[in-house]
Protein chains: 2
Amino acid sequence: MNAPTISHISCADCPIRHRAVCARCESDELEALDAIKYYRSYEAGQPIIWSGDVMNFVGSVVSGIATLTQTMEDGRTQMVGLLLPSDFVGRPGRDGAAYNVVATTDMVMCCFRKKPFEELMAQTPHIAHRLLEMTLDELDAAREWMLVLGRKTAREKIASLLTIIARRDASLTPRGAVNSMTFDLPLTREAMADYLGLTLETVSRQMSALKRDGVISLEGKRRVSVPDMGRLFEEAGDDSDGGFMS
Amino acid sequence: MNAPTISHISCADCPIRHRAVCARCESDELEALDAIKYYRSYEAGQPIIWSGDVMNFVGSVVSGIATLTQTMEDGRTQMVGLLLPSDFVGRPGRDGAAYNVVATTDMVMCCFRKKPFEELMAQTPHIAHRLLEMTLDELDAAREWMLVLGRKTAREKIASLLTIIARRDASLTPRGAVNSMTFDLPLTREAMADYLGLTLETVSRQMSALKRDGVISLEGKRRVSVPDMGRLFEEAGDDSDGGFMS
DNA sequence: CGCGGCCTTGACAATCGTCAAAACATGTGG
DNA sequence: CCACATGTTTTGACGATTGTCAAGGCCGCG
């Protein structure tokens, strides 16, 4: 039932070559990584790791999307991260996974067994530096999300999420500064709710409200059009557009 | 009006020597750090950095407590981190501060000008590694806090905060596994509210409720006694005590 | 004593969650 | 092709939690 195994691809041809943990590597360092890497694919919906499980690998998302979630005993769940292509999974220096990682679309990961990766990292400052840089970026993102979770209204939360997804989409397929955008929502209403600390009913209602007020329009349930990105940023309550318009 | 300048202290005598960014350094590396470090002190209430300001130093908290906050245009504010002794302030590789940093008690910091520190870090894997480790810990803490902000009730939020402070206090002054504890709350009700994504009135009400229900008792406004830590963990909704009881 | 912070408490309102029903899409098997 | 089952989304009615506004208490300090 697994997706087919992926054949070995040269790092030089890798689509995330310049953004992943290997971004700063020289060609010899890349060869060392190439020697220990392997690809794994996951189907949409498949769990990658359960919180508490022993993790004997780390890796980078090559394509597809995964979510990082935490759950309480009674089932309440909170998404704590969204993993997109080039994002790193796993923590060198720790055995157990701290979160559930689930593929929400079909996914391909570039994996390394943890032990050899840790050894290589100890000898390769370029990898360690890049990982530090990526971790600091994730920390900033997590802290920005704390403001969303702690202080924004349901409507602002939805607008904030749409803003983030739009921004990511724009960075993947640059098209210059434009005022309107259309993109796919890679999350179910429930996943959106788990990200935003809301119920799925509230998410649905606020999506309808934003549609009714002309901030967005929907084609099907998942495709979103934003006629005026500036308006969306205002709705998100952000004091700036995060450099989106330029 | 500033607190007096602190004289130069040898790293060997530093109280945070084994936990800060320099924890892994050998003696020669420590000498290099010692050569570029300087101490700064701040009085309770003083701002250390405003979000957006240029930051020309980084450093470690030696003593005292500071808060990291984000604010929206309309004044809503969310605390995104609590800086305790040994925590690192600033981000190598970035000029502007992303958050407001404010001393909530009298504080002493061990500072480095950013440029020399960055250069030293490039040559000293022990520093870079330790900083990565600390950043990963902070990321975990931020993600754990996302669950608190997104999914917990007001009562659970308060209990979670008390749990964290109790745990930190216990790690500073170890006393073995005990079932009851007393500690000082280093935050005003407003600061607690900003941490928890609540209003100060709700914080006050829930503190009163926990007192009424015998989960805590108060001596003055700031000193908290917990007769049964297990009960507090339950109230926090955590599925474990985080290794506190042992 | 009186002032200013900080905290508590009350009354009321607003937001968001809960429970329930129904619309809609998608896939399976007859 | 239809019937049916399943999963997702929308919408409504209602209730609970939390926020807002307001008043008053406690405490240290000039």
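In this text, all values refer to a predicted model and were calculated from it rather than measured experimentally.
- A search for salt bridge (charged side-chain N to carboxylate O under 4.0 Å, His left out) contacts involving B/D53 returns nothing, not counting sequence neighbours.
- Between the P atom of D/dT17 and the CG atom of A/L198 lies a distance of 18 Å, rounded to the nearest Å.
- Summarising the geometry, the separation between CD1 on A/I158 and P on D/dT10 is reported as 10 Å, rounded to the nearest angstrom.
- Among the atoms of the strands shown, base atoms are found under 4.0 Å from some heavy atom of B/S204.
- Checked against the 6.0 Å centroid criterion, the rings of A/W145 and A/Y195 qualify as a close aromatic pair.
- For A/Q206 and D/dG12, the CD to P distance is 14 Å, given to the nearest whole Å.
- Residues B/K157 and B/V148 come closest through the heavy atom pair CE-O, 3.3 Å.
- Here the range on DNA chain C touched by chain B, meaning any atom under 4.0 Å from one of its heavy atoms, is C/dC7 to C/dA11.
- We find that CZ of B/R76 is positioned 9 Å from P of D/dT20, with the value rounded to whole Å.
- In terms of position on DNA chain D, the residue among A/T188 and B/G197 whose nearest nucleotide sits closer to the 5' end is A/T188.
- Cation-pi contact between A/R143 and B/Y99: present, with separation from the ring centre below 6.0 Å and deviation from the ring axis of at most 45°.
- Taking atom CD of residue A/E201 and atom C1' of nucleotide D/dG12, one finds them 11 Å apart after rounding to whole Å.
- A salt bridge links B/D140 with A/R94: at least one charged nitrogen is closer than 4.0 Å to a carboxylate oxygen.
- Between B/D74 atom CG and D/dG19 atom C1' the separation is 14 Å, expressed in whole Å.
- Across all strands, A/R151 comes closer than 4.0 Å to no nucleic acid atom at all (heavy-atom distances).
- A/S217 and A/K211 share no side-chain donor-acceptor pair at under 3.5 Å.
- At D/dT11, one or more side-chain N or O atoms of A/S208 fall inside 4.0 Å of OP1 or OP2 (strictly under the cut-off).
- The CG-P distance, from A/L200 to D/dT10, rounds to 9 Å in whole Å.
- Contact of B/R205 with D/dG19 (side chain to base): no donor-acceptor pair of N or O atoms is detected under 3.5 Å.
- When heavy atoms are screened at a 4.0 angstrom cut-off, B/G45 is found touching no nucleic acid atom at all.
- Between A/E190 atom CD and D/dT10 atom C1' there is a gap of 15 Å when expressed in whole angstrom units.
- With 3.5 Å as the limit, one finds a donor-acceptor pair spanning the side chains of A/E219 and A/S225.
- Using a 4.0 Å heavy-atom cutoff across all strands shown, B/G220 reaches no nucleic acid atom at all.
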